[in-house]
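Structure first, commentary second.
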Amino acid sequence: MNMEAVKKIFVLTFILGTSLWFSACMEESGFNIVWEGLEVEFEDASRPNGTIRKIMTKTNDNQVDQEMVRVNLVGRQLSEPVNILVGVDPESTAIAGVHYRLVNDEVTIPANSSFVDIPLEILTGNLGAEEMPDLTLTILDAGNTKISTNYNRLTIEIRLSCPSDLAGEYSTVTVGTGGTVNYQVVITELEPFTYRISDITGGVYSQVFGAEDNPAVFTELCGEITITDQPDLVFGDDTFNGTGRVNEDGTIRINWRTEETEESGVTTLTRVIE
């Protein structure tokens with residue numbers, strides 16, 4: 001047998017052995033196991049801090065807005081219904097009959113279904129601009145079905161909207177870990193009170209590191225800006241968080257930071273008037 005044939009046999013043996021070893025490791029580590037659990041959870045409880053925000057636009061003092069909160073059955077569907085009992089955390093700052101009305105605290109996921117929507121009335125007509133009530137719902141009982149330990153609570157921030165019009169082109173000055181940087185960004189409206197800024201770093205990534213801009217999404221409510229867990233699309237494996245304020249003169253001030261690399265800055269934006 002020549003050396004070339006020996007080499008081929010060795011390579012084939014190595015590949016076969018590696019494949020068997022990898023397969024054994026996969027089995028031992030549980031990668032070939034399909035989760036067969038069954039539990040109920042709030043669909044939106046997987047959001048950051050288990051919190052969602054309902055922004056209401058008030059038109060009259062008798063206004064009532066209809067909302068829905070979804071409870072999911074995670075796992076296989078059942079041939080019998082699952083009865084769910086929902087409660088309100090006593091630490092909630094939202095007041096029943098003033099800020100909200102929970103139409104039913106007992107709902108049922110039908111047989112051969114995976115979810116049920118809980119009707120929730122927001123008493124928008126009673127909301128004052130200065131109020132910021134939070135409603136925390138909890139799943140108290142689901143019969144023989146397990147309740148998720150991670151997603152059994154959901155906080156709903158009930159907020160009253162203010163006029164918001166931030167879309168446009170802005171000149172920026174950023175002061176932070178990258179020094180002082182002058183740049184220009186564009187803010188685009190995605191939906192009411194939700195915007196995308198073309199570069200959350202205000203030019204730091206471009207001017208200091210010679211990299212691409214890093215867009216981010218933020219929300220604005222009555223002048224208050226919030227940036228939550230926006231991905232670092234340029235360098236990866238990091239997130240942006242921050243807060244900000246729309247000033248009376250129309251300028252915007254955003255305090256941003258990265259969680260891992262600890263880059264940070266304060267960006268002042270001035271709208272470019274065409």
Side-chain angles (χ1 to χ4, degrees), residues 41-72 84-108 115-140 151-168 187-197 217-228 242-255 269 271:
E41 66 179 26
F42 286 114
E43 181 170 281
D44 288 324
S46 60
R47 301 251 186 125
N49 300 317
T51 300
I52 59 173
R53 177 171 289 185
K54 297 293 185 180
I55 301 175
M56 319 310 298
T57 301
K58 183 175 177 179
T59 58
N60 63 75
D61 292 338
N62 298 313
Q63 183 175 336
V64 177
D65 288 296
Q66 307 293 328
E67 298 289 338
M68 291 291 181
V69 177
R70 178 161 293 187
V71 175
N72 287 332
I84 310 291
L85 177 63
V86 176
V88 176
D89 190 312
E91 297 297 319
S92 297
T93 55
I95 301 172
V98 176
H99 302 118
Y100 75 93
R101 186 180 298 114
L102 189 60
V103 180
N104 295 304
D105 60 359
E106 294 186 33
V107 293
T108 300
F115 67 90
V116 62
D117 288 327
I118 304 172
L120 176 68
E121 293 183 349
I122 305 297
L123 307 182
T124 307
N126 293 338
L127 292 176
E130 73 288 349
E131 290 187 288
M132 293 188 292
D134 293 343
L135 170 63
T136 300
L137 300 177
T138 61
I139 300 176
L140 300 177
Y151 304 126
N152 65 336
R153 293 168 57 87
L154 175 66
T155 297
I156 303 168
E157 297 177 340
I158 302 173
R159 301 292 186 265
L160 199 62
S161 68
C162 300
S164 179
D165 181 19
L166 303 184
I187 294 178
T188 305
E189 184 178 32
L190 301 180
E191 59 184 59
F193 317 109
T194 302
Y195 297 88
R196 178 185 288 114
I197 184 171
V217 174
F218 67 86
T219 59
E220 185 265 332
L221 181 63
C222 296
E224 297 294 330
I225 290 174
T226 304
I227 305 161
T228 304
T243 58
R245 179 74 189 172
V246 180
N247 301 315
E248 292 184 2
D249 62 1
T251 60
I252 302 172
R253 184 181 178 90
I254 297 178
N255 295 268
L269 302 88
R271 191 188 293 266

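These numbers come from the heavy atoms of this one structure, side chains and all, not from hydrogens, waters or symmetry mates.
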Sequence neighbours left out, what passes salt bridge (Lys or Arg N to Asp or Glu O under 4.0 Å) with Arg196? Give chain and number order.
none
Name the atoms and distances for all side-chain donor-acceptor pairs under 3.5 Å in residues 157-167, with sequence neighbours left out.
unit_1: Glu157; atom_1: OE1; unit_2: Arg53; atom_2: NE; d: 3.0
unit_1: Glu157; atom_1: OE1; unit_2: Arg53; atom_2: NH2; d: 3.1
unit_1: Arg159; atom_1: NH1; unit_2: Met132; atom_2: O; d: 3.3
unit_1: Arg159; atom_1: NH1; unit_2: Pro133; atom_2: O; d: 3.0
unit_1: Arg159; atom_1: NH1; unit_2: Asp134; atom_2: OD1; d: 3.0
unit_1: Arg159; atom_1: NH2; unit_2: Asp134; atom_2: OD1; d: 3.0
unit_1: Ser161; atom_1: OG; unit_2: Met56; atom_2: O; d: 3.1
unit_1: Ser161; atom_1: OG; unit_2: Thr57; atom_2: OG1; d: 3.0
unit_1: Ser164; atom_1: OG; unit_2: Tyr195; atom_2: OH; d: 2.6
unit_1: Ser164; atom_1: OG; unit_2: Glu220; atom_2: OE1; d: 2.4

Can you list the steps and then say if Leu120 with Leu102 is a side chain to side chain contact (heavy atoms under 4.5 Å, CB included)?
CA-CA 5 Å; Leu120 176 68; Leu102 189 60; 4.2 Å; yes
For residues Thr155 and Leu135, determine if any side-chain heavy atom of one lies less than 4.5 Å from a side-chain heavy atom of the other.
no
To check you understand the geometry: which heavy-atom pair defines the closest contact between Phe42 and Asn152, and what is its length?
CE1-O, 3.3 Å
Side chain proximity check, Thr59 to Thr124, heavy atoms < 4.5 angstrom:
no
Side chains of Asn247 and Ile252 in contact at under 4.5 Å (non-hydrogen atoms)
no
Identify, with sequence neighbours excluded, every residue that meets salt bridge (Lys or Arg N to Asp or Glu O under 4.0 Å) alongside Asp44.
Arg47
With a 4.5 Å limit on heavy-atom distance, are the side chains of Val69 and Leu154 in contact?
yes
Check against side chain to side chain contact (heavy atoms under 4.5 Å, CB included), Leu221 and Ile55
CA-CA 8 Å; Leu221 181 63; Ile55 301 175; 3.8 Å; yes
Tell me, do Leu140 and Val86 make a side-chain contact under 4.5 Å, heavy atoms counted?
no
If the condition is salt bridge (Lys or Arg N to Asp or Glu O under 4.0 Å), which residues does Arg70 pass it with, not counting sequence neighbours?
Asp117
Taking side-chain contact (heavy atoms from CB on, under 4.5 Å) as the definition, give me every residue that meets it alongside Thr226, ordered by chain and number, with sequence neighbours left out.
Thr219, Thr228
With a 4.5 Å cut-off on side-chain heavy atoms, are Ile84 and Thr108 touching?
no
Residues 54-67 vs salt bridge (Lys or Arg N to Asp or Glu O under 4.0 Å), sequence neighbours excluded, gives Lys54-Glu67, Lys58-Asp61
Can you name the residues that form a side chain to side chain donor-acceptor pair (under 3.5 Å) with Asn72, not counting sequence neighbours?
Glu43
Which side-chain hydrogen bond (donor to acceptor under 3.5 Å, both in side chains) pairs, counting each pair once, include a residue from residues 84-98, with sequence neighbours left out?
Asp89-Arg153
How about CD on Glu248, more than 12 heavy atoms from neighbouring residues, nucleotides or ligands closer than 6.0 Å, or not?
no
For Pro192, side-chain contact (heavy atoms from CB on, under 4.5 Å) partners two or more places apart:
none
With Asn60 via side-chain contact (heavy atoms from CB on, under 4.5 Å) - residues at least two apart
Asn62, Gln63
So, do Val64 and Ile122 sit near enough that their side-chain heavy atoms are less than 4.5 Å apart?
no
Could you check whether any side-chain N or O of Asp249 sits under 3.5 Å from a backbone N or O of Thr251, counting only pairs where one atom can act as donor and the other as acceptor?
yes
Which pair of heavy atoms, one from Ile225 and one from Phe218, lies closest together, and at what distance?
CG2-CD1, 3.7 Å
Does the pair Leu137 and Ile118 meet the rule for a side chain to side chain contact (heavy atoms under 4.5 Å, CB included), with working shown?
CA-CA 11 Å; Leu137 300 177; Ile118 304 172; 5.6 Å; no
Supply the atom-to-atom distance Ile197 CD1 to Ile227 CD1, rounded to the nearest 0.5 angstrom.
7.5 Å
Going by side-chain contact (heavy atoms from CB on, under 4.5 Å), name the residues that satisfy it together with Thr188, two or more places apart in sequence or in a different chain.
Val186
Ignoring hydrogens and geometry, is there a side-chain-to-backbone donor-acceptor pair from Asn126 to Val98 under 3.5 Å?
yes
Between Thr194 and Val217, what is the shortest heavy-atom contact and its length?
CG2-CG1, 3.6 Å
Which distance, rounded to the nearest 0.5 Å, do you find between the CZ of Phe115 and the CD of Glu41?
14.0 Å
Among residues at least two apart in sequence or on other chains, which ones pass salt bridge (Lys or Arg N to Asp or Glu O under 4.0 Å) with Glu224?
Arg245
